[in-house]
Participant: 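Structure in C-alpha cells, see below.
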Amino acid sequence: MLTLNRYSWWLGAMVGLAILLGVAGQLGVLSPVQGVFLRVTGPVEGVLTGIFRPVAGVLSSVGEVDDLRAENARLRVENEGLRNELAQRQQDAQRVKELEAALGLAQGDTSQSRLAANVVHRDSSPFSDVITIDRGSNDGIVKGMVVTSTQGSLMGTVTRVTPTRSFVRLITDTRSNVRAAVLGGEGADGILRGNPGRTLTLDLAQGDIKVGDTIITAGLGGAFPYGIPIGTVSSVEGSTQDLFPKVTVEPMTRLGTATTVLVLMSFVPETLDTGAGR
Amino acid sequence: MRAAGWFALVFGAAAAQVTVAPLFPVAGAVPELVLLTVCLAGAFSGPGPVMVLTPLGAVMLGMLSDRDPGLLLVAYLPVVVLGALLEDAPLPLGHAARTYGMTLGAGLAARTVLGVGAMVGGAPAAFGTLATAVLLPGLFVDMLVLTVCYVPLRLAGLEGGGFRLRRGRYVAGL
C-alpha cells in the first residue's frame with residue numbers, strides 16, 4: 001500500500017485531466033487541435049494502411065476460400081435473377097416515360113449529389129464502429145450527412161468533422177439508431193440498432209417480416225432520406241404471440257472492408273431531430 | 001532523445017490501433033495496442049515512462065479515433081496501480097508473471113471501463129455480451145500480442161525493471 005500511496009498525487013492529477021479532456025471534448029474545444037493532428041499524422045497512417053491492408057486481404061482470402069466459393073455460387077444465381085428483374089424494370093421505366101409524355105407530366109430532378117471519400121482508418125471496438133474518411137469541412141461535409149457504400153447501401157452518418165477529415169459512425173455502432181422499414185412491407189417499420197459484435201437488429205418492428213426481406217431507410221425523423229437500402233433480414237425469432245419479433249439484419253455491404261464510401265451531399269439532415277442515427 | 005523514442009512508440013501504437021489492428025481481428029476482437037505499449041514500457045523501464053505515456057497515449061488515440069480521450073485516460077489508469085500492487089504483493093512472482101498479471105488486469109479494467117462508458121453513452125446494457133464478446137476474446141488477443149513482444153525482448157537480453165517509484169528519478173530517467 002505504501003507504493004500505491006506514492007502514486008496518489010499522479011492518479012488525482014490524471015483524473016482531473018480526464019475530466020478536463022471530457023469537458024473539452026463535449027464543448028468541441030479539441031476539434032481544431034484534432035484537425036491539425038490528423039493532418040500531420042495522415043501520411044504515417046497512409047503508409048501503415050498501404051503496407052498491411054494487402055497482407056490482411058491475402059490472409060482473409062486464404063481463410064475464406066470455401067465461404068467465398070459458396071457466396072460466389074449464390075451471387076451468380078442472384079445476379080441472374082437481378083438481371084432479369086432489371087430488364088423488366090427498364091421496360092416498366094420506358095412505359096412510365098411514355099405515359100408521362102402522354103399526360104404531359106414534368107419529371108423532377110431526383111438525382112443525389114455524392115462525394116467520394118477514402119476510408120483512412122477505422123476504430124472498431126465491440127461497442128463502437130467508427131471510420132475516418134479523408135474529406136472534411138473543406139469539402140463541404142457537415143455533421144449529420146449520410147454516408148453510403150459505392151453501391152449505394154447505407155453505411156452510417158458523419159458525427160464529427162475537421163477541415164480535412166470526418167468521422168463516420170457506422171450503422172453497426174451500438175449508439176446508432178436508424179428508422180428503417182421493410183421494402184414493400186405494409187407498415188413494417190422499426191428502429192435499426194447496432195449491437196455489440198457488429199450485428200444489426202430491427203427493434204419495435206411489427207407486421208409480416210420474413211427472412212430475405214429487404215430493409216431500407218424509412219425517411220422518418222429527418223436524419224435519413226427515404227429508400228436507402230440497408231440490408232436483408234437474416235433471421236426472425238419469436239412466436240406469433242410476440243408483439244415484436246427479434247429481427248436480425250445482415251448489412252448489404254461489408255462495412256469492415258470498405259475502402260471507398262460516398263457522402264450524400266444533397267441531403268441536409270433535419271437539425272431539430274431527436275438524435276436518431278447520430 | 002529517449003523521450004522522443006517513447007513518443008514515437010506510443011504514437012506508432014495509436015496509429016496502428018486504428019489502421020492495422022482492425023485488419024486482423026481474432027474472434028471479432030482487436031488488441032489494445034496503446035495499453036500493451038504502456039504495460040511493456042512499465043515492465044522494462046519502470047513507472048516513470050508509464051506515467052507520461054498513459055495520458056499521451058490516451059490523448060493520441062482519442063484524437064485519431066472518435067473516442068473520448070478522458071474516458072480512455074481513465075481506462076488506462078489501472079496500469080500504474082496494478083504494477084505497484086503486484087510489486088508489493090507478498091507473492092513469489094517473477095518478472096514475466098508480474099507483466100502478464102499487470103497486462104491482464106489492465107486489459108480487463110480498460111475494456112470494462114470503455115464498455116460501461118459506451119453503455120452510459122447510449123449503447124444497450126449488455127453485460128453478458130461485454131463478458132463473452134469483448135472481455136474474453138480481447139484479453140486473449142492481448143496476451144497473444146504481449147507474448148509476441150515480450151518473449152523476443154527478454155531473449156534479446158532486456159532485463160525487467162521494478163515498479164517501485166523512486167522520487168526524483170523518473171523525470172531524469174525519461
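Each chain gets a letter, A, B and so on, in the order the sequences are listed, and its residues count up from 1. Computed from heavy atoms alone, side chains included, the values below leave out hydrogens, waters and symmetry copies.
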Participant: Between B/Asp68, B/Leu72, B/Val74, which has the largest tally of heavy atom pairs under 4.5 Å with chain A?
Facilitator: B/Asp68

Participant: Going through the checks in order, is the ring pair (Phe, Tyr, Trp, His ring centres under 6.0 Å) test met by B/Tyr100 and B/His95?
Facilitator: CA-CA 9 Å; B/Tyr100 275 82; B/His95 184 264; 9.9 Å; no

Participant: Hey, is the main chain of B/Met51 close enough, under 3.5 Å, to the side chain of A/Trp10 for a donor-acceptor pair?
Facilitator: yes

Participant: Quick one: of A/Ile51, A/Val44, A/Val15, who has the most non-hydrogen atom pairs under 4.5 Å with chain B?
Facilitator: A/Val44

Participant: What part of A/Leu17 is in contact with chain B, defined as an atom under 4.5 angstrom from a non-hydrogen atom: side chain, backbone, both or neither?
Facilitator: both

Participant: Using heavy-atom distances under 4.5 Å, tell me whether A/Val119 contacts chain B through its side chain, its backbone, both, or neither.
Facilitator: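 Neither part.
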
Participant: Between B/Gln17 and chain A, with a heavy-atom cut-off of 4.5 Å, which part of the residue counts as in contact: side chain, backbone, both or neither?
Facilitator: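 When you check distances to chain A, only backbone atoms of B/Gln17 fall under 4.5 Å.
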
Participant: Under 4.5 Å, heavy atom to heavy atom, which residues of residues 57-64 of chain B contact chain A?
Facilitator: B/Val59, B/Met60, B/Gly62, B/Met63, B/Leu64

Participant: Please determine whether side chain to side chain donor-acceptor pair (under 3.5 Å) holds for the pair A/Ser128 and A/Asp173, giving the CA-CA distance in whole Å, both sets of side-chain angles, and the decisive distance to 0.1 Å.
Facilitator: CA-CA 5 Å; A/Ser128 70; A/Asp173 188 294; 4.7 Å; no

Participant: Could you report the tightest heavy-atom contact between A/Ala180 and A/Leu192, atom names first, then the distance?
Facilitator: CB-CB, 4.1 Å

Participant: Could you look at B/Val18 and say if it's the side chain, the backbone, both or neither that has a heavy atom under 4.5 Å from chain A?
Facilitator: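 Contact with chain A: backbone and side chain both.
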
Participant: Checking an interface table here. Which of residues 22-35 of chain A come within a heavy-atom distance under 4.5 Å of chain B?
Facilitator: A/Gly22, A/Leu30, A/Val33, A/Gln34

Participant: Aromatic rings B/Tyr150 and B/Phe44: how do their planes relate, parallel, tilted or perpendicular, breaks at 30° and 60°?
Facilitator: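 Tilted: the ring planes of B/Tyr150 and B/Phe44 meet at 30° to 60°.
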
Participant: Ion pair present between B/Arg67 and A/Asp123, side-chain N to carboxylate O less than 4.0 angstrom?
Facilitator: yes

Participant: Any heavy-atom pair between the side chains of A/Arg169 and A/Arg175 that's under 4.5 Å?
Facilitator: yes

